[in-house]
Amino acid sequence: MPNRRSIAATALLIVSMAAGAQTPPSLKNIYRGDFLVGSAINADQITGKDSRGDAVIESQFNTISPENALKWENIHPRPGVYDFDIPDQYVAFGEKHHMQIVGHVLVWHSQTPAWVFQDDKGNLVDRETLLKRLHDHIQTVVGRYKGRIHSWDVVNEAVNEDGTMRQSLWMKIIGEDYIAKAFQWAHEADPQAQLIYNDYSLENEAKRNGVLALIAKLKAQGVPVTTVGLQGHSSLTWPSIEAEDTTITAFATLGVKVAITELDIDVLPSATSQQTADVSLNFAQDPKLNPYFVGLPISVQQELAKRYADLFAVYLKHRDVVTRVTFWGVTDGDSWRNDWPIKGRTSYPLLFDRNGQPKPAFDAVIRVATEGKPAN
Ligand code: 9MR
């Protein structure tokens with residue numbers, strides 16, 4: 001039975017098709033009222049050098065995330081030295097296009113320069129020193145964009161695959177309360193901002209249980225975590241639709257919102273048996289693992305389209321708690337998947353091809369919004 005939201009989405013689709021066969025419908029309009037739809041954007045898109053990418057971003061998305069521009073190594077490369085050039089342009093881009101602007105990321109074990117953890121002699125600093133550096137970083141960066149950046153990924157990837165705490169330098173030097181402190185300081189710097197704990201592979205039970213326990217503990221302590229980010233770095237076979245459904249329900253039950261923060265679906269043969277998005281992995285090149293360098297076969301296009309449709313059906317089912325769905329990149333050519341975990345492959349993980357044209361997966365995602373979905 002079509003419900004009111006699917007009738008509205010269908011009407012929108014018909015109107016946009018009538019407006020001209022050349023103009024594809026837009027994700028942000030078709031999912032309006034359900035959740036925002038967005039993309040991570042890169043420096044060329046922020047600065048206007050990639051006009052083809054910008055055209056896709058402006059027509060399709062109502063939220064943006066900075067793929068790399070606000071990471072510590074870029075925004076705060078040396079002690080006392082902040083570089084706000086690209087970050088300022090990023091925020092201005094989002095404001096110009098009336099988008100919800102996401103900040104990524106305040107605390108991560110990766111892309112944080114070595115000096116943050118070291119003294120002048122190269123020895124590890126003590127807890128108080130590192131806490132002060134973390135506080136100053138958060139106050140400066142969050143404070144600068146107060147009221148303009150809507151949501152911050154405050155802590156990224158703090159939990160291991162088995163659910164235990166990752167022994168990062170943050171953890172080793174400060175202890176587990178680095179997480180609570182980061183959220184508290186982000187909240188002090190911008191009390192209105194939505195604050196996110198962001199991680200990958202939470203669809204796997206052991207890791208999910210670890211993060212559920214962490215979030216429950218933080219909430220019990222009154223720490224202002226509002227949202228859990230499911231990164232969504234997926235493949236054609238992982239996660240199962242049941243696992244995605246279970247995961248969203250489990251976090252919703254804790255009283256936090258869920259954002260799909262870094263969605264992409266890998267179609268290439270896997271180089272590892274692990275289900276991971278660990279940026280430190282790097283395997284040797286092997287032609288067998290790069291089978292589609294001349295183009296993606298139609299059968300795989302269709303498999304990808306079905307996977308995207310199945311995942312979006314779950315997000316839609318949970319539209320009462322899912323705040324946004326953000327793709328990790330605009331076109332296939334932009335994706336980090338071309339260089340991870342093997343450099344120089346030809347990957348097809350997104351909805352737009354290397355020319356910025358919508359793929360069958362785009363049509364499938366649009367169709368999900370226009371089919372009747374159970375009311376919440
Ligand atoms: O897509 C990002 C890639 O361009 C960077 O080289 C890499 C390291 O900074 O980070 C990638 O984005 C990661 C994100 O920040 C956190 N979750 C995993 C993402 C993919 O590695």
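The first residue of the sequence shown is numbered 1, and numbering continues consecutively from there. Atoms considered below: every heavy atom in the structure, side chains included; atoms not considered: hydrogens, waters and symmetry mates. We count ligands from 1, going down the list as the structure has it; atoms in each ligand are counted the same way.
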*With sequence neighbours excluded, what pairs up with E157 under the side chain to side chain donor-acceptor pair (under 3.5 Å) test?*
W108, Q231

_Any donor-acceptor pair under 3.5 Å linking the side-chain atoms of N198 with those of T261?_
yes

*Under the salt bridge (Lys or Arg N to Asp or Glu O under 4.0 Å) rule, collect the residues that match up with D310, sequence neighbours excluded.*
K306

*Are more than 12 heavy atoms from other residues, nucleotides or ligands located less than 6.0 Å from atom CD of E205?*
no

*With hydrogens left out, which residues have an atom under 4.0 Å from ligand 1, given that only heavy atoms count?*
E67, N68, K71, H104, W108, Q111, N156, E157, Q231, H233, E262, V279, W328, W336

_Pairs flagged by side-chain hydrogen bond (donor to acceptor under 3.5 Å, both in side chains) wherever residues 43-55 is involved - sequence neighbours left out_ = Q45-D50, Q45-D334

*Flag yes if more than 12 heavy atoms outside Q167 fall under 6.0 Å of its CD atom; otherwise flag no.*
yes

